[in-house]
Amino acid sequence: MAHHRNGLAARRRTVSLTQEALAKHMRVDRSTVARWESGRTAPQPWMRPRLARLLRVDAEGLNDLLTARSPHGTRGQDALDHALLHPDRVDLLAVATLRTHFDDCASRYDRMPSAGLIAEAAAQLNRIDQLASGSSRGRVQRELHALHADACTLMGQLIWDASQRRDHATATTYYEQSAGLARHLRDTTLEAHALLRTCYVALYGAHDAQASLTLAERAADIAARTSLALSGLALLHVAEAHAMLGSASACERALADAERRLERVNAGDAAADLVSPTQFGRLAGSCYLSLGDHRRAETLLAGTAEELRDRRKSRAIVLGNLTLARIRQRDVEAGVASLTEAFTELETTRGGGGMNIVFGAARELRPWRQEALVAEVHDRLLGLMTAA
């Protein structure tokens, strides 16, 4: 099967790196680099700064390398255009092109407002649905259904984020559709991912710790069969639910189990792209914040915020929680500093999770509202709310 090729391979050769050498520096499998170079997948956002340094380009230059198409790229687009006119003739090349478009859209989630991606993601979802309905049986249909499940999950994620985590019903509907497609495919990794996304709605939206605990435990059990990465990620949210319920011992057991699983993840894991080196610190910090161990939470969150420079929506959430940890230790000056950093991230990304947390952190600063630095924070918060 042919795929479009981006400019990554040419640049790699220019800086005298083999695929094996680049893979070693990036701590991924050589096949992962091959997929990046063929355009079948794209590096996750948190990987890109390191990749740019290795290739000796800036962030914009890396994006140009990843999106530049060779003459072979037109074959994939031609195949997709033909399939959209004749859905019964869709082939694997057309599906690969659809997957590339989807990966490009998904990769932009963490650096731009979700509202700006919804129309594009919806159009992609409609095209995928159209082709999946018209395709014949076999590998083509299976690949389309798997892509359909991923696209439903992304739509739920975008809508929930754009609504500032208020539209639980629509997001959950998309996640349920994704889980249904995964069960039809008997793909436990896809199913567990959709369940985990539903858990996020219960945990961070409805604040129903017991419901989220049940969903996260179920996701961890299902994913354990196929993906240490996803089961470890689910266990981090099991820990967070226990922390919200006030059970420190159960929380720490889940954190320890999650850490053991995440340490064993390799590049061949079916969900390796869903986890990053900062995941544990981010979630463990949130756990200790809920448990009232604010000093420990601050240590974990401060270190994680430094490592998250390239994942802006996630970083805003971490900075919001870091602010809460500092305010609850009555360190107002440090709290204002991290809150100001969170505002900078949110002015660009409008991430729903970060917005909710920084609004809550600003409310906790009210006892110090007469102080000049706190008054400035509230002025900036008003500007953020006005632009929302």
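Looking at every heavy atom in both residues, Leu84 comes nearest to Gln130 through O-NE2, 3.1 Å. The shortest non-hydrogen separation linking Gly320 to Ala342 is N-CB, 4.4 Å. Gly353 and Ile317 make their closest contact through C-CG1, 3.8 Å (heavy atoms, listed as atom of the first residue, atom of the second, distance). Here the closest heavy-atom approach between residue Leu230 and residue Leu274 is recorded as CD1-CD1, 3.9 Å. Shown here for Leu55 and Arg11, the closest heavy-atom pair between the two residues is O-NE, 2.8 Å. Taking every heavy atom of both residues into account, Arg48 and Leu62 meet most closely at O-CD2, 3.4 Å.
At distances below 3.5 Å, at least one donor-acceptor pair connects side-chain atoms of Arg369 with backbone N or O atoms of Arg366. A distance-only check finds no donor-acceptor pair linking the side chain of Lys313 to the backbone of Arg350 [under 3.5 Å]. Remark: side-chain polar atoms of Ser107 are paired, donor with acceptor, to backbone N or O of Asp104 under 3.5 angstrom. At least one donor-acceptor pair under 3.5 Å links the side chain of Asp161 to the backbone N or O of Gly352. At least one donor-acceptor pair closer than 3.5 Å links the side chain of Gln329 to the backbone N or O of Ala325. Remark: side-chain polar atoms of Arg12 are paired, donor with acceptor, to backbone N or O of Leu17 under 3.5 angstrom. Judged by distance alone, with hydrogens and angles left aside, the side-chain atoms of Asn356 form a donor-acceptor pair with the main-chain N or O of Gln164 at under 3.5 Å.
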Would Val33 and Met26 satisfy side-chain contact (heavy atoms from CB on, under 4.5 Å), going step by step from the backbone distance to the final call? CA-CA 9 Å; Val33 173; Met26 291 298 299; 5.6 Å; no
His101/Glu120 under side-chain contact (heavy atoms from CB on, under 4.5 Å): CA gap, chis, key distance, verdict: CA-CA 10 Å; His101 292 173; Glu120 179 183 346; over 6 Å; no
Evaluate the criterion side-chain contact (heavy atoms from CB on, under 4.5 Å) for residue pair Arg328 and Leu289; output intermediate values, then yes/no. CA-CA 9 Å; Arg328 291 169 188 176; Leu289 182 64; 3.7 Å; yes
Please walk me through it: do Val238 and Asp257 pass side-chain contact (heavy atoms from CB on, under 4.5 Å)? CA-CA 10 Å; Val238 168; Asp257 195 0; over 6 Å; no
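Rounding to the nearest 0.5 angstrom, the gap separating the CG atom in Leu65 from the CD atom in Glu37 is 10.5 Å. Atom CG of Asn321 sits about 8.0 Å away from atom OG of Ser290, to the nearest 0.5 Å. The structure places CD of Glu240 at 9.5 Å from CG of Leu255, a figure rounded to the nearest 0.5 Å. In this structure, Glu371 CD and Glu376 CD are separated by 11.5 Å, a value rounded to the nearest 0.5 Å. The structure places CG of Leu144 at 10.0 Å from CZ of Arg99, a figure rounded to the nearest 0.5 Å. Rounded to the nearest 0.5 Å, atoms OG (Ser338) and CZ (Phe343) are 10.0 Å apart.
Other residues, nucleotides and ligands contribute at most 12 non-hydrogen atoms within 6.0 Å of the CZ atom of Arg218.
Side-chain atoms of Gln77 and Asp81 form a donor-acceptor pair, as typed in the model, at a separation below 3.5 Å. Between the side chains of Thr278 and Thr304, not a single donor N or O lies within less than 3.5 Å of an accepting N or O. Between the side chains of Ser227 and Thr189, no donor N or O sits under 3.5 Å from an acceptor N or O.
Contact check for Leu339 versus Leu365: side-chain heavy atoms found under the 4.5 Å cut-off. Looking only at side-chain heavy atoms (C-beta outward), Asp110 and Thr349 stay at 4.5 Å or farther from each other. Residues Leu190 and Ser178 form no side-chain contact, since every pair of their non-hydrogen atoms from C-beta on lies 4.5 Å or further apart. Using a 4.5 Å heavy-atom threshold, the side chains of Trp368 and Arg330 count as touching. Residues Tyr174 and Thr153 have side chains not in contact (no heavy-atom distance under 4.5 Å, counting atoms from C-beta outward). Within the 4.5 Å cutoff, no side-chain heavy atoms of Leu22 are placed close to those of Val28. Side chains of Gln210 and Asp208 form a contact here, defined as non-hydrogen atoms less than 4.5 Å apart. Looking at Thr323 and Val358, their side chains never come closer than 4.5 Å, going by heavy atoms from C-beta outward.
Leu203 and Val201 fall within a single hydrophobic cluster, where Ile, Leu, Val, Met, Phe, Trp and Tyr side chains are chained together by heavy-atom contacts under 4.5 Å. Taken together through direct or relayed side-chain contacts under 4.5 Å among Ile, Leu, Val, Met, Phe, Trp and Tyr, Leu235 and Val265 form parts of separate hydrophobic clusters. A continuous path of ILVMFWY side-chain contacts below 4.5 Å connects Leu154 to Leu131, so both sit in one hydrophobic cluster. Tracing side-chain contacts under 4.5 Å through hydrophobic residues (I, L, V, M, F, W, Y), one reaches Leu98 starting from Met155; they form part of the same cluster. Placement of Leu158 and Tyr204 in two distinct hydrophobic clusters is found when ILVMFWY residues are connected by side-chain heavy-atom separations under 4.5 Å, directly or transitively.
When each of Arg165, Arg197, Arg166 is tested with Trp160 by the rule side chain to side chain contact (heavy atoms under 4.5 Å, CB included), just one qualifies, namely Arg165.
Residue pairs meeting the salt bridge (charged side-chain N to carboxylate O under 4.0 Å, His left out) criterion with at least one member in residues 268-297, sequence neighbours excluded: Glu252-Arg296. Here ring pair (Phe, Tyr, Trp, His ring centres under 6.0 Å) pairs that include residues 224-265, with residues two or more places apart or in two chains, are Tyr200-His237.
With sequence neighbours left out, His145 forms a side chain to side chain contact (heavy atoms under 4.5 Å, CB included) with Ala132, Gln141, Leu181, His184, Leu185.
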